[in-house]
Engineer: 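So that we are looking at the same thing, I have put the structure below in structure tokens.
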Amino acid sequence: MAKFGFKQLHKDKKTRARVGEIMTPHGVIRTPAFVPVGTQGSVKSLTPEELDTIGVQLYFVNTYHMYLRPGIEVVKKAGGLHTFMHWDHPLMTDSGGFQVFSLGRSPVSFPRRRESVLVFEETRIPDQVGNDNKKMVKITDDGVEFQSHWDGSTHLFTPERSMEWQSALGGDIHIAFDDCTPYPVSHEKAQKSMERTHAWAMRSLKAHRQGALYGSIQGSVYEDLRKESARFIANQNFDGIAIGGVSVGESKKEMRNVLEWVVPLLPDDKPRHLLGVGEIDDIFTMIERGVDTFDCVAPTRLARTGSLYVRHGQIDITKSKYAKDLGPVEKSCTCYTCRNFTRAYIHHLFHVRELLAYRLATIHNLHFVHMVVNNIREAICANRFLDCKRQWL
RNA sequence: GUCAGGAUGGCGGAGUGGUCAAUCGCAACAGACUGUAAAUCUGUCGCCCUAACGGGCUCCCCAGGUUCGAAUCCUGGUCCUGACA
């Protein structure tokens, strides 16, 4: 099996943007690269072949979800995630750290940004166990006690277990178990969370057996903490660096700051992954500041709720103004959806809740993101990143 | 023609004397969604005024009536549906 490695091939002359290659046992990842999220072992609604056709090079699977269902043992017996899911290309597994954040909110709610302050609204997700106003996680220094969102049962996650399970799943890139700091948060709490993340990073490193391991940087929106965390993680023997604790409710400016503090402190010979960010404008923000890969649910989730990417924005295809629109979603798009279907048709599918709606929409949004990223990659090679950015935004 | 049942906001459909401008679903409109408890969630949804609290007006087929008070009870009318002829 090929070893893991990273090569920087070209750096843009005016920015930190760079083009590179990540070598993995399941093939090379050309960076910058967008990483779709397949939380439960599936990028919702699409087959691996369809993802491949779109240009998806690797995707993300969540250890927490696979552990709960179907269970690590099942995947292990199946021969690992690649075989289980029928995906031959690289895979990344998340540590479960994000669920510390997402299940740790009380009451169950959707966060909403409001002038860079996170407001929690009391809106429930229906039909799930354990949503009766209780936090579903309990953090200790040892690890995190989760209450299953399926049946309420209790499960302990530790760095050691996360490593063991990620190894059993067999993804190419693993992430150290971290404590995704919520927002807003005091400096004191952010520091505690960062220190816990560092301690867990060391334990992850020690317990780690196979596959590449990325250490995760935290520190919320505090410059001193972010820099401290970046230095700390950069100094350990990780194969790559993950930046976490962003897109948790902070403003875009705060997210930009984090990148500007952190990336200059990272070694050039390791790949950098930004966890959980990937709206179209963010893609430029990240790549410009030296991020190589980034995973995000936005394109796929937005697609399922009817928001489709078009140049310079997105449209809500469910609006009745598209009911008779016989043009493609985006005329400059060459995806399967845009080549063969009209806005009116997709509008209709959403309206009657046909399953094809979600598939066509997801194909389009993923294709669109890949089109943007491919474009950026070419632009970097020609030292034209900023021109490219201007052209898309 | 006789008997029975029914007419409620764009649609379906609750409500059967006051707390009803009227539950709920759909549609409509607006909004949200960034390491996915998400094919999801939130808000508005008779008209007018208010930033909001709130206030005013009109309203449950039509016309009368009973009552302090009616979408709800009574009388008449119109229309619809089912059964029997």
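Residue numbers start from 1 in every chain, and the chains themselves are labelled A, B, ... in the order their sequence lines are given, proteins ahead of strands.
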Engineer: Judged by modelled atom types alone, do A/His198 and A/Ser229 share a side-chain donor-acceptor pair under 3.5 Å?
Structural biologist: yes

Engineer: Scan the side chains in residues 309-318 of chain A for donor-acceptor partners under 3.5 Å anywhere in the protein, sequence neighbours excluded, and list what turns up.
Structural biologist:
| residue | atom | partner | partner atom | Å |
| --- | --- | --- | --- | --- |
| A/Arg311 | NE | A/Ser332 | OG | 3.4 |
| A/His312 | ND1 | A/Trp392 | O | 3.1 |
| A/Asp316 | OD1 | A/Thr318 | N | 3.0 |
| A/Asp316 | OD1 | A/Thr318 | OG1 | 2.6 |
| A/Asp316 | OD2 | A/Thr318 | OG1 | 3.4 |

Engineer: Using O4'-C1'-N9-C4 for purines and O4'-C1'-N1-C2 for pyrimidines, with syn meaning within 90° of 0, is B/rA37 syn or anti?
Structural biologist: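 Nucleotide B/rA37 adopts syn.
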
Engineer: Taking the side chain of A/Arg304 as its heavy atoms from C-beta onward, which of B/rA37, B/rC33, B/rA39 lies nearest to it?
Structural biologist: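 Selected nucleotide: B/rA39.
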
Engineer: What does A/His65 touch in the nucleic acid at a heavy-atom separation under 4.0 angstrom: a base, only the sugar-phosphate, or nothing?
Structural biologist: sugar-phosphate

Engineer: Relative to the 5' end of RNA chain B, which residue comes earlier, A/Thr300 or A/Tyr358, by the nucleotide with the nearest heavy atom?
Structural biologist: A/Thr300

Engineer: Output the single nucleotide from B/rA37, B/rA39, B/rU36 whose closest atom is nearest the side chain of A/Arg353.
Structural biologist: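 From the listed options, B/rA39 comes nearest.
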
Engineer: By the 4.0 Å heavy-atom rule, please label A/Phe60 as base, sugar-phosphate, or nothing.
Structural biologist: sugar-phosphate

Engineer: Rounded to the Å, how far apart are A/Asn365 CG and B/rU36 P?
Structural biologist: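 Atom-to-atom, A/Asn365 to B/rU36, this comes out as 18 Å.
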
Engineer: Using atom C1' in both nucleotides, what's the gap between B/rG46 and B/rC59 to the nearest angstrom?
Structural biologist: 7 Å

Engineer: With a 3.5 Å cut-off and no angle check, do the side chains of A/Asp292 and A/His273 form a donor-acceptor pair?
Structural biologist: no

Engineer: Just checking A/Phe98 against A/Tyr64, ring centres under 6.0 Å apart?
Structural biologist: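 No; A/Tyr64 has its ring centre 6.0 Å or more from that of A/Phe98.
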
Engineer: Charged N to carboxylate O under 4.0 angstrom, A/Arg256 versus A/Glu260?
Structural biologist: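 Salt bridge between A/Arg256 and A/Glu260, a charged N being under 4.0 Å from a carboxylate O: no.
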
Engineer: Not counting sequence neighbours, which residues clear salt bridge (charged side-chain N to carboxylate O under 4.0 Å, His left out) with A/Arg390? List them please.
Structural biologist: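 For A/Arg390, the residues satisfying salt bridge (charged side-chain N to carboxylate O under 4.0 Å, His left out) (neighbours in sequence not counted) are A/Asp387.
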
Engineer: In Watson-Crick or G-U wobble terms, both distances under 3.5 Å, what is the partner of B/rC29?
Structural biologist: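 Per the H-bond distance test, B/rG43.
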
Engineer: Looking only at the side chain of A/His149 (C-beta and beyond, no hydrogens), which of the listed nucleotides B/rC33, B/rU36, B/rA37 gets closest?
Structural biologist: B/rA37

Engineer: Between the protein and nucleotides 28-30 of chain B, which nitrogen or oxygen pairs are less than 3.5 angstrom apart?
Structural biologist:
| residue | atom | partner | partner atom | Å |
| --- | --- | --- | --- | --- |
| B/rA28 | OP1 | A/His351 | NE2 | 3.0 |
| B/rC29 | OP1 | A/Ser320 | OG | 2.0 |
| B/rA30 | OP2 | A/Lys319 | NZ | 3.0 |

Engineer: For B/rU81, which nucleotide is its Watson-Crick or G-U wobble mate, given both distances must be under 3.5 Å?
Structural biologist: B/rA4

Engineer: Looking only at side-chain N and O atoms, does A/Thr305 come under 4.0 Å of OP1 or OP2 in B/rA39?
Structural biologist: no

Engineer: Just name whichever nucleotide pairs with B/rA71, Watson-Crick or G-U, keeping both distances under 3.5 Å, else none.
Structural biologist: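 Pair assignment: B/rA71 / none.
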
Engineer: With rounding to whole Å, what would you report as the distance between B/rG31 and B/rC80 at their P atoms?
Structural biologist: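 These two P atoms come out 44 Å apart once rounded.
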
Engineer: Base, sugar-phosphate, or nothing: which does A/Gly38 touch, judged by heavy atoms less than 4.0 Å apart?
Structural biologist: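 The residue A/Gly38 makes no contact with any strand.
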
Engineer: Please report the distance separating the C1' of B/rU66 from the corresponding atom of B/rU72, rounded so that it comes out in whole Å.
Structural biologist: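 One C1' to the other, the span is 14 Å.
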
Engineer: Taking atom P in both B/rC11 and B/rG5, compute the distance separating them and give it to the nearest angstrom.
Structural biologist: 26 Å

Engineer: Closest nucleotide of RNA chain B for A/Val43 versus for A/Gly306: which of these residues is on the 5' side?
Structural biologist: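 In this pair, the answer is A/Val43.
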
Engineer: What pairs of donor and acceptor atoms, side-chain ones from residues 38-49 of chain A against any protein atom, are under 3.5 angstrom apart with sequence neighbours left out?
Structural biologist:
| residue | atom | partner | partner atom | Å |
| --- | --- | --- | --- | --- |
| A/Thr47 | OG1 | A/Glu50 | N | 3.1 |
| A/Thr47 | OG1 | A/Glu50 | OE1 | 3.2 |
| A/Glu49 | OE2 | A/His86 | NE2 | 2.7 |

Engineer: Expressed in whole Å, how much space separates the P atoms belonging to B/rU16 and B/rG10?
Structural biologist: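 B/rU16 and B/rG10 have their P atoms separated by 23 Å.
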
Engineer: What is the separation between atom CZ on A/Arg301 and atom P on B/rA39, rounded to the nearest whole Å?
Structural biologist: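 Result: 8 Å.
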
Engineer: Within residues 218-241 of chain A, find the residues that approach RNA chain B with a heavy atom at under 4.0 Å, and present them sorted by residue number.
Structural biologist: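 Listed by number, they are A/Gln218.
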
Engineer: Write down the distance separating the C1' atoms in B/rC61 and B/rU8, rounded off to the nearest Å.
Structural biologist: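 Their C1' atoms lie roughly 10 Å apart.
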
Engineer: Among all residues two or more places apart in sequence or in another chain, which pass the side-chain hydrogen bond (donor to acceptor under 3.5 Å, both in side chains) test with A/Gln99?
Structural biologist: A/Asn62

Engineer: Checking salt bridge (charged side-chain N to carboxylate O under 4.0 Å, His left out) for the pair A/Arg384/A/Asp12: CA distance, chi angles, key distance, verdict?
Structural biologist: CA-CA 7 Å; A/Arg384 280 183 37 248; A/Asp12 182 61; over 6 Å; no

Engineer: Quantified in whole Å, what is the P atom distance between nucleotide B/rU19 and nucleotide B/rC60?
Structural biologist: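 It comes out at 15 Å once rounded to the nearest Å.
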
Engineer: Given the structure, check if the side chain of A/Ser102 and the base of B/rU36 hold any donor-acceptor pair shorter than 3.5 Å.
Structural biologist: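 Per atom types, no contact qualifies.
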
Engineer: Do A/His187 and A/Leu225 touch side chain to side chain, with heavy atoms closer than 4.5 Å?
Structural biologist: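 With C-beta onward as the side chain, the pair touches.
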
Engineer: For A/Ser95, report the nucleic acid contact type (base, sugar-phosphate, nothing); a contact means any heavy atom under 4.0 Å.
Structural biologist: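 The residue A/Ser95 makes base contact.
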
Engineer: What is the nucleic acid contact for A/Asp295, judged by heavy atoms within less than 4.0 Å: base, sugar-phosphate only, or nothing?
Structural biologist: sugar-phosphate

Engineer: Just how far, in rounded Å, is P of B/rA39 from CG of A/Leu366?
Structural biologist: 15 Å

Engineer: Do A/Arg203 and A/Glu160 meet the salt-bridge criterion of a basic N to acidic O distance under 4.0 Å?
Structural biologist: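 Yes, A/Glu160 and A/Arg203 are salt-bridged.
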
Engineer: Using the side-chain heavy atoms of A/Phe98, tell me which of these nucleotides is nearest: B/rA39, B/rC33, B/rA37.
Structural biologist: B/rA37

Engineer: With a non-hydrogen cut-off below 4.0 angstrom, is A/Asp178 in contact with a base, only sugar-phosphate, or nothing?
Structural biologist: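 If one applies the 4.0 Å heavy-atom cut-off, A/Asp178 turns out to touch a base.
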
Engineer: Given that both distances must come in under 3.5 Å, which nucleotide forms a Watson-Crick or G-U wobble pair with B/rC20?
Structural biologist: none

Engineer: In whole Å, what is the span from the CG atom of A/Leu302 to the C1' atom of B/rA38?
Structural biologist: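 A/Leu302 atom CG is separated from B/rA38 atom C1' by 11 Å.
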
Engineer: Can you tell me, in whole Å, how much space there is between the C1' of B/rU2 and that of B/rC74?
Structural biologist: 24 Å

Engineer: For A/Leu274, answer base if it contacts any base atom (sugar-phosphate contacts may also be present), sugar-phosphate if it contacts only those atoms, and nothing otherwise; contact means non-hydrogen atoms under 4.0 Å.
Structural biologist: nothing

Engineer: Starting at atom CD of A/Glu279, determine the distance to atom P of B/rA32, rounded to an integer number of angstrom.
Structural biologist: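 Roughly 11 Å, once rounded to whole Å.
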
Engineer: For A/Tyr67 and A/His155, I'd like to know if the aromatic rings sit close, meaning centre-to-centre distance below 6.0 Å.
Structural biologist: yes

Engineer: Check whether any side-chain nitrogen or oxygen of A/Gln40 sits under 4.0 Å from OP1 or OP2 of B/rU36, and answer yes or no.
Structural biologist: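 A/Gln40 to B/rU36 OP1/OP2: no side-chain N or O under 4.0 Å.
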
